[in-house]
Amino acid sequence: MTEAVLPQSVLPDLDSLNASDPYARRSQTFPTLSDEQVDRLRRFGTVEKMAKGDVLFERDQRSVDFFVVLEGQIDIYEHIRSGDTRTVTVHEKHQFTGELDLFNDRKILVGGRMGSDGAVIRVNRANFRRLMTAESDIAEIITRAFILRRVGLISHKQGSVTMLCAKQDGDSLRIERFLRRNGYPLEILDNPLKPERQALMAGYQLTEDDLPAVVIHLGERVVKKPCNFMLAECLGLVEPLDPDHVYDVAVVGGGPAGLSAAVYAASEGCDTLVLEGEAPGGQAGTSSKIENYLGFPTGVSGQALAGRAQVQAQKFGAKIALPYQVTAIDCSQRPFRLTLNNGTTVQARAVVAASGASYRCLDIAKGRRFDNAGVYYAATATEGDLCASEEIIIVGGGNSAGQAAMFLSGKSKHVHILIRGESLASTMSRYLIDRIEASNQITVHTHSEIVDWQGERHLEEVTWENRKTGQRSTKPIRHVFLMLGAVPNTEWLQGCVALDEKGFILTGAQVEEHPRWTAPRRPLHLETSVPGIFAAGDVRAGSTKRVAFAVGDGGMSVTSLHAILAEG
């Protein structure tokens, strides 16, 4: 392959860049270490002489090394459709390689090779983790750079995959949401008249019935209508798990509670595994803006909060494995054995159940027919772009519904909130109610619920009824956001631990007198009816359904871990 070096198309003049573009922040995205910092870093690696053209790492490799330039330069490149490569950036003296995949064992997105003769410090993965622990100032520079570099790859669609799809297709939306929430660069071709899309369709002999199709790494493989797990396997997001390895703790669920448990457990030296079925963040990860979380006076998106927590957990050594659904647990002996959706099993001496809860669907005809085709359970930018300049409905009166209403009112023509109760006062935070009441873009319909909806391949019409007056309203609405009461995700426990009448997990004092508690000691805080299994966050009976409380639960569950691990 020949190399097409196009620095101006990849890194345009900084004056023309948006201030939010990471490539405009070169001193942070591609920082240069000081002589003193490089001297401290030397003890973690080995100095190697390199020749121009030597490949340091290639796309799709796992667990690659970390390199610091001493002499010469390192070219970071991506593969493009023509079969050539294109330079993303060039690392000069005292600059370093890597981005977020150096914190995990997933396949990397870009390659790196020497652009000239020179010398580097090579740091292997084990020593890289030692470096990140021992040298806090260097670790801060590296972590910030890695985050910004991944954002840059995403925003410039570098190292990306290409999805060929039809507009507003349910499977396409599912795939887009999965990749974006997991921070994977993606290019979407959904306009059938676009020559580039037509050429790819013809080149891979695809028909419209084959869509959505994902072109992986420019034609090495094309997958048609993939499920999330298949797609993750093809992209190298699935990390291999050793069934014989025994983790100190397995955290089931990567929402705020699970990520919090992972951060605290890993930071205290526990061998930590997080099992997440879709993407880190849980329900909170779908919130467009959380404004009542401590320390963020201007608010933070759920996805940004989850992304930072994920990096934090991985920096401390936690392994975040996705998209793994836990389907069963053998709690008859320790270590506990968890069965995953691909048949794999993993073992852990302790378990934190942080599997959260899911929004309910409507109990009407065609209840799931329009999922991702007009009916959504999240209000991220992906969904928001679909309903631009259209009337929409949000069903639910909790904080998630309020946050969605404020976000979507800036994109849609009008927002209708449907609630069964008399008002929002008992279910929503006051600051959100005040904003909703002040907005002329939002109407709250009390005592109301959807009784019917119609459409062919996509939702086209919705009918709702005021249960107090009996009046019905029908509108040509094509987008409905369901944010109803939570259903706990406890199917995987299969009777292992005690639950309340609604299916939430009982813990602590709630199980002390329960017949299933047989240990000679009192249950620890957040411990379930099975010693060594804890519950945290929305899945726990009696928990407050707020992000801050979930984070607190995750942290508190870890305070008891050492006592459990000492029991053997």
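Between the side chains of Y376 and D371, no donor-acceptor pair is found at a separation under 3.5 Å. Inspection of the T327 and N341 side chains reveals no N or O donor paired with an N or O acceptor under 3.5 Å. Between the side chains of Y359 and S400, at least one donor N or O sits under 3.5 Å from an acceptor N or O. A donor-acceptor pair shorter than 3.5 Å can be found between the side chains of N489 and S358. R62 and N104 share no donor-acceptor pair across their side chains, judged by distance under 3.5 Å alone. H447 and E422 share a side-chain donor-acceptor pair at under 3.5 Å.
Across all non-hydrogen atoms, the minimal contact from T345 to R337 is OG1-NH1, 3.5 Å. The shortest non-hydrogen separation linking A261 to S557 is CB-OG, 3.9 Å.
Applying the salt bridge (charged side-chain N to carboxylate O under 4.0 Å, His left out) test to every pair with at least one member in residues 271-292, sequence neighbours left out, gives these pairs: E291-R435.
R420 CZ: 12 or fewer foreign heavy atoms inside a 6.0 Å radius. For F146, the CZ atom is densely surrounded, since the number of other residues' heavy atoms within 6.0 Å is greater than 12.
Under the rule for a side chain to side chain donor-acceptor pair (under 3.5 Å), the partners of T380 that lie at least two apart in sequence or sit in another chain are E383. The salt bridge (Lys or Arg N to Asp or Glu O under 4.0 Å) check on E491 picks up nothing, with sequence neighbours excluded. Considering only residues two or more places apart in sequence or on other chains, D434 meets the side chain to side chain donor-acceptor pair (under 3.5 Å) condition with R430. For R106, the salt bridge (Lys or Arg N to Asp or Glu O under 4.0 Å) partners two or more places apart in sequence, or in a different chain, are E239. Among residues two or more places apart in sequence or in another chain, the side chain to side chain donor-acceptor pair (under 3.5 Å) test is passed with E512 by R522.
Using cut-offs of 30° and 60° for the angle between ring planes, the H245 and Y247 rings count as perpendicular. Using cut-offs of 30° and 60° on the angle between ring planes, the pair F128 and F66 is tilted.
Taking the six-membered ring where the residue is Trp, the centroids of H479 and F481 are separated by 6.0 Å or more.
Once rounded to the nearest 0.5 Å, the distance linking CZ of R144 with OG1 of T29 reads 10.0 Å.
The closest side-chain heavy-atom distance from I450 to V395 is below 4.5 Å. Looking at heavy atoms from C-beta onward, L231 lies in side-chain contact with L235 at the 4.5 angstrom threshold.
With a 6.0 Å cutoff to the six-membered ring centre and a 45° limit on the axis angle, K319 does not count as a cation-pi contact of F103.
Ion pair D553/R540 flagged as a salt bridge, since at least one NZ, NE, NH1 or NH2 atom sits closer than 4.0 Å to an Asp/Glu carboxylate oxygen. Using a cutoff of 4.0 Å between basic side-chain nitrogens and carboxylate oxygens, R40 and D137 are scored as salt-bridged.
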**OP:** Verify side chain to side chain contact (heavy atoms under 4.5 Å, CB included) between E437 and V444, making sure each step is shown before the conclusion.
**Re:** CA-CA 9 Å; E437 290 176 346; V444 179; over 6 Å; no
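Under the side chain to side chain donor-acceptor pair (under 3.5 Å) test applied with R177, the options N228, T286, T382, N372 reduce to a single match, N372.
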